[in-house]
2 protein chains.
Amino acid sequence: MTGDVTARAASIRDVARRAEVSHQTVSRVLNNHPSIRPETKQRVLDAIEELGYRPNRAARMLVTSRSRTIGILSSSRTQYGPAASIQAIEVAARASGYSVVTSNLLTTDEGAILAEVDHLVDQAVEGIVVIAPQVRVLDVLSSLALRVPYVTLQMTDRVITHALSFDQIAGARMATQHLIDLGHRRIYHLAGPQDWIEAEARMKGFLQAMSDNDVPTTAPILGDWTADFGYRAGVELLRYRDFTAIFSSNDQMALGLMHAVRDAGLDCPRDVSIVGFDDIPEARHFSPPLTTVRQDFPELGRRAVALLLAQLDGSEDYRETIVPELIVRGTTAAPAF
Amino acid sequence: MTGDVTARAASIRDVARRAEVSHQTVSRVLNNHPSIRPETKQRVLDAIEELGYRPNRAARMLVTSRSRTIGILSSSRTQYGPAASIQAIEVAARASGYSVVTSNLLTTDEGAILAEVDHLVDQAVEGIVVIAPQVRVLDVLSSLALRVPYVTLQMTDRVITHALSFDQIAGARMATQHLIDLGHRRIYHLAGPQDWIEAEARMKGFLQAMSDNDVPTTAPILGDWTADFGYRAGVELLRYRDFTAIFSSNDQMALGLMHAVRDAGLDCPRDVSIVGFDDIPEARHFSPPLTTVRQDFPELGRRAVALLLAQLDGSEDYRETIVPELIVRGTTAAPAF
DNA sequence: ACGAACCATGTGCACGGTCACATGACCGCG
DNA sequence: CGCGGTCATGTGACCGTGCACATGGTTCGT
C-alpha cells in the first residue's frame, strides 16, 4: 500500500521523482520561493502528500547550520513561577516556528552551570532564556562569552544586556507600602536565598519602601523559598514577637509562616499580617486567603521569546519591564493595639 | 589567537589533520571503538582539545538516523506532579546520554494532540513519555500506530502496552480505608476530570474500599483539579452537610475544600475530615496540615526513562508499579456525630 | 612456513537537505 | 532584430559524520 514499512522515509528526491521535477524545485516549494509556477507547486505538494514526506530536520540543520531551537536554562522548575514561564515560552516559541530544549540546573556550582550550558550549545540552540535566577549563574554566563544571545527573566541593577522582567522592586515596594499604610511599623522581611536576583530585587523594594516612609528596619531573613523554611522561620521569630507584619518574598514561605502563626496560638491577620509574592493559584484558598503580589508569568514567557527572536534578527538591545499587581486578601489588617 | 571568530567550527577532519590521522580514526576515538592504539587515541584527544572540537549533532543524526532524544508529551505542567515528573525525566534521560524535548498539550482535541505528536516526530524523537493523562490522548495515541515507542505515566485497566505508574487505585483505597477506619460512613469523593486516567483510577480505588467495607456511597463529584473548584464544590456540598468526610483526588482541591469548610464556620477535622492526594510540598503547611497520599514523582520519572530506554534496546514489554504511601496529618479525625 | 584471524588504520560514499551557478524560454525595448 | 533581464527550473557540490570495505602488518596454530 504505502510501501515497505521498514524502508527509509521519503526524501526530497523521492518527492522530486514522483512530481517529475528536480529535487531543487521541491526544495523551493518547501521554502516557498517566489519563482514557482502554481501548477508545478501543486504537483509537488501532491507528491509530498502522497508520500507522507516530512522534511528531515537534521539534514536541514546540517546544511544551514541553523537549528531553529532555543534553549531554556532553568532551576527549580517544580515551582509555580518557573513552570509557568517555561510553559509560556514553549508555546510562544512554537508559534514562531522554534523548538525548545531545556536544561535543569540542580546545583549552582560553576561546573554544573557549564555542563548545562554545554548541553544547550551541543543542541545548537540559537538563543537561551535563563530562568535560573541565581546571581552566579548570570556571572558565569556573562564570563562565558557565549556566541548565542540570551535573555534573563530577572531584573537587577547589574548591567545585563538583555534583561526582561517584572519590576520586582516595584512589586515589593507595593507590598511593603500596603503594610505601612495599614499602620504597621515593625515589619520583618522573609527574603529568598541571598544569591537569587529576585530575592535581591524584592529585598531592595522592601528596604526602599521602609526608608521612604522612615520606618526603621531590621536585617531580612534569608530563606530558601520553601514552605518548610517559612514555617521554621516563623517559629523562630514568634519566640520574640517583636513585629506585627511580615513581607514574605514568595507565597510558599508565606504559607509556612501562616502555619507557624497558627501553631503559636496566634491569629493571622489579627496578630500578624502577612503578604506574599507571586499569587500562585492556591494562594486565594489559604487560610485565610493570602494577600500577595501577582506576576503574569505567561506574559513574561511570551515577551522573553519575542525579545530573543528580535535579537536573532539583529535588533537593538533593550530592557523591558512588566509591572506587577498587588492583590489584597485576608492576611493583612491593621495592627491590633 | 584561537583563529577567526567567524570561521566555521572545527570538524572531524580538522581534528584528523591536526592529529595526522584519518577522519575515520577520529570518529573511532569519539565512539570509543576498541581497536585504537592508546598513543594514537591520545594524539586525537589532544587535537580535539586544542581545537575545541565539538561533534556536530546534526551530522551525526543525519547519518545514523538516531537522534538520542526523547520527547515528553504533557499537559498541565504548572501542576506539581507533572512538573516534578518532567524534571526527573530530564535528569534521568541526560544521565543516559539522551536529550529531551517537550510538547505542551493545552487542549485535548484530536487536532491538538496530532499537532503535538507531529512536533515530537519532527524532532525525530526515539521515544515518548506521555504525561498527558487524559484518556482520549491515549486513545488517539494508540490509534496512531506510532513508529516510536512510548510509555505513559498513568495506569489503567485498559490494555496499554507500556505503562508505568503509581498504583493509584491502591493509594485511593488506602486513603478511603483510613477514613472508614476512623469511623466515617458518609464519605464523599471529589474526583478529577472524568477523562483523566488518574481520576478514574482514584475513583475506582475509592469505590472499591467503600464496597469492601459495605459502606454505601454516592456518585463522585467531578472536578478539574484546581483549588478554585474544590472551594466551589465545598460551598455547594456544605449546604446539605450530609457527610462527615471527603476524599479529594488531589491536594489542591483539598485545599479549596478546607477553605469552604472554614467559610461555613466549620472546623476541619472536627466537623469534616479531608484526605488529599499527591503530597505536594505545601501540603504539610496547610491549615491544618493535610492528610494525603504521597507519590514519589522523581522515582517515577527515573523509571519511565529506564523503561523507555529498555524498549529502545528491544526488551520485552512490561508494566511496573510503585505503591504510594499514606501520610496522616491533621485533617482527619473520628467523626463528631 | 604459510594461511587464517585479528588489529590498527585508511578510502570513499551516503545521509537529506540548501546553495551557487547554469540553462533555456520568454519579454520588452531601442 | 538583437540583447539584456527576469522567470522557472535543473545540475552539481557541499555540510560533518558513520559505515562498509579495503589495506597492510602482526600473531597464532598446525
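Only a predicted model underlies this, so the values are computations on that prediction, with no experimental measurement involved. Proteins come first, then strands; the chains are lettered A, B, ... in the order of their sequence lines, and each starts at number 1.
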Exercise. State, yes or no, whether a side-chain contact exists between A:T108 and A:S75 at a heavy-atom distance under 4.5 Å.
Key: no

Winner on side-chain proximity to A:H23, out of D:dT17, C:dG10, C:dT18, is C:dT18

On DNA chain D, more 5' by nearest nucleotide between B:A59 and A:S22 is A:S22

Whole-Å distance, B:K41 NZ to C:dA8 C1', equals 14 Å

Among the nucleotides C:dT9, D:dT17, D:dT9, whichever has the atom closest to the side chain of A:T25 is D:dT9

In whole angstroms, the gap separating C1' of D:dC19 from CZ of B:R66 amounts to 15 Å

Between A:N32 and A:K41, the two heavy atoms sitting closest are CB-NZ, 4.4 Å

The helix from C:dA1-D:dT30 to C:dG30-D:dC1: angle between terminal helix axes, five bp per end, to the nearest 10 degrees, reads 40°

Separation of D:dG16 atom C1' from A:N56 atom CG, nearest Å, is 14 Å

From the candidates C:dG17, D:dG10, D:dG16, the one with an atom nearest any side-chain atom of A:Q24 is D:dG10

Discussion item. Using the rule given for side chain to side chain donor-acceptor pair (under 3.5 Å), can you reason through B:Q123 versus A:S99, listing the C-alpha separation, both sets of side-chain angles and the distance that settles it, and then say yes or no?
Written reply: CA-CA 9 Å; B:Q123 310 266 323; A:S99 294; 2.3 Å; yes

Short side-chain donor-acceptor distance under 3.5 Å, B:R77 and B:T102: yes

task = For A:T40, report the nucleic acid contact type (base, sugar-phosphate, nothing); a contact means any heavy atom under 4.0 Å.
result = sugar-phosphate

**Check: B:R54 side chain, D:dG16 base, donor-acceptor under 3.5 Å** = no

Donor-acceptor contact below 3.5 Å, side chain B:T64 vs main chain B:R60
yes

**Message:** Between A:T64 and C:dC19, is there a contact of a side-chain N or O with OP1 or OP2 at under 4.0 Å?
**Reply:** no

Here the distance between atom C1' of D:dT17 and atom CZ of B:R68, to the nearest Å, is 15 Å

Checklist entry - Side-chain N or O of B:R60 less than 4.0 angstrom from OP1 or OP2 on D:dG16? => result no

- [ ] Verify the neighbour count for atom CD of B:E20: are there more than 12 heavy atoms of other residues, nucleotides or ligands below 6.0 Å?
- [x] no

Taken to the nearest whole Å, CG/B:D14 to P/D:dG16 is 8 Å

Quick note, A:V21 side chain, CB onward, closest among C:dG10, D:dG10, C:dC13 is D:dG10

note: B:N32, atom CG; C:dA8, atom P; distance rounded to Å ~ 14 Å

Item checked: Phosphate contact (C:dT18 OP1 or OP2) by A:N31 side-chain N/O below 4.0 Å -> yes

query: Would you say the side chain of B:N56 lies within less than 4.5 Å of the side chain of B:S11, judging by non-hydrogen atoms?
result: no

Any side-chain heavy atom of B:L309 within less than 4.5 Å of one from B:Y98? yes

Whole-Å distance, B:I48 CD1 to D:dG16 P, equals 15 Å

B:R37 CZ to C:dC6 C1', in whole Å, measures 16 Å

From the candidates C:dG10, D:dG10, C:dT18, the one with an atom nearest any side-chain atom of A:R28 is D:dG10

Comparing nearest nucleotides in DNA chain C, the 5'-proximal residue of the pair B:P34, B:L62 is B:P34

Against the side chain of B:S35, the closest entry in D:dT11, C:dA8, D:dT17 is C:dA8

Is there a donor and acceptor pair closer than 3.5 Å between the side chain of A:R57 and the base of C:dG16? no

Residue pair B:H33/B:V63 against DNA chain C: nearer the 5' end by closest nucleotide is B:H33

Test salt bridge (charged side-chain N to carboxylate O under 4.0 Å, His left out), reference B:D122, set A:R94, A:R68, A:R54, output is A:R54

Q. Less than 3.5 Å between a donor and an acceptor, one on the side chain of A:R13 and one on the base of C:dG17, is that the case here?
A. yes

